[in-house]
Amino acid sequence: MRLVKRLIVLALSLVVLLAGILFAIHNTAAVSIDLIFITLPEASLSMWLLGAFALGGLLGVVLSSVIIMTLKTRLYYLKKKMNAAREQLDSLSANQARLDGH
């Protein structure tokens with residue numbers, strides 16, 4: 001199963017790489033990007049688009065990592081709180097059992 005998964009990932013990676021190469025070959029027009037306050041230097045259209053794609057992917061990974069870490073931290077504190085509540089409940093149950101025993 002692991003081998004099949006690796007082969008699928010390898011095949012998809014090669015397809016994406018081939019698509020990127022073909023994209024770069026067919027989009028060689030030089031363009032400059034105007035960002036209102038700054039104008040970026042001229043480069044091929046494919047470079048700008050692939051760069052934007054890579055930057056978007058990187059930002060997606062960073063933002064999702066922040067969200068995951070926030071959720072893991074919240075889960076840690078909720079587990080800690082639940083364990084404290086469970087200990088308190090056990091203590092109260094033990095006290096109630098002692099009182100019922102007398």
Side-chain angles (χ1 to χ4, degrees):
M1 184 67 183
R2 183 176 273 171
L3 178 64
V4 173
K5 184 177 179 181
R6 285 186 183 179
L7 288 174
I8 290 172
V9 168
L10 178 65
L12 287 174
S13 298
L14 289 175
V15 168
V16 169
L17 180 64
L18 180 63
I21 291 170
L22 290 174
F23 180 78
I25 290 171
H26 290 284
N27 292 293
T28 58
V31 294
S32 63
I33 307 293
D34 185 10
L35 300 174
I36 299 174
F37 298 111
I38 187 171
T39 301
L40 300 175
E42 275 194 13
S44 69
L45 177 63
S46 61
M47 187 189 94
W48 285 120
L49 291 174
L50 290 173
F53 177 74
L55 182 63
L58 181 65
L59 286 174
V61 168
V62 168
L63 290 176
S64 64
S65 295
V66 168
I67 291 170
I68 288 171
M69 291 305 295
T70 302
L71 291 174
K72 283 187 176 185
T73 302
R74 186 183 306 171
L75 180 63
Y76 170 78
Y77 285 113
L78 287 174
K79 282 183 178 180
K80 195 172 177 181
K81 192 174 180 179
M82 184 179 69
N83 287 336
R86 184 173 288 139
E87 287 176 8
Q88 184 179 14
L89 179 62
D90 290 343
S91 173
L92 291 173
S93 294
N95 286 340
Q96 185 65 36
R98 258 186 296 155
L99 289 175
D100 290 343
H102 282 119

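These numbers come from the heavy atoms of this one structure, side chains and all, not from hydrogens, waters or symmetry mates. The first residue of the sequence shown is numbered 1, and numbering continues consecutively from there.
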Show me the donor-acceptor pairs, under 3.5 Å and distance only, between side chains in residues 59-79 and residues at least two apart or in other chains.
from	atom 1	to	atom 2	distance (Å)
Ser64	OG	Gly60	O	3.0
Ser64	OG	Val61	O	3.0
Ser65	OG	Val61	O	2.8
Thr70	OG1	Val66	O	2.9
Thr73	OG1	Met69	O	2.8

Would you mind writing out the side-chain donor-acceptor pairs for residues 44-51 within the sub-3.5 Å range, not counting sequence neighbours?
from	atom 1	to	atom 2	distance (Å)
Ser44	OG	Ser46	OG	3.3
Ser44	OG	Met47	N	3.3
Ser46	OG	Asn27	O	3.2
Trp48	NE1	Val31	O	3.3

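If you chain together ILVMFWY residues whose side-chain heavy atoms come under 4.5 Å of each other, Leu10 ends up grouped with Leu14. Through direct or indirect side-chain contacts shorter than 4.5 Å among Ile, Leu, Val, Met, Phe, Trp and Tyr, Leu7 is connected to Leu3. Residues near Met82 contribute nothing to a hydrophobic cluster around it, because no ILVMFWY side-chain heavy atom sits closer than 4.5 Å to its side chain. Taking Ile, Leu, Val, Met, Phe, Trp and Tyr as hydrophobic and joining them when side-chain heavy atoms fall under 4.5 Å apart, one finds Leu17 in a cluster with Ile21, Ile25.
For the atom pair CG of Asn83 and NZ of Lys80, the computed distance is 10.0 Å after rounding to the nearest 0.5 Å. A distance of 14.5 Å separates CZ of Arg86 from OG of Ser91, quoted to the nearest 0.5 Å.
Side chain of Ser13 to backbone of Val9: a donor-acceptor contact under 3.5 angstrom is found.
Within 6.0 Å of atom CZ in Phe23, more than 12 heavy atoms from other residues, nucleotides or ligands are found, so the atom counts as buried in its surroundings.
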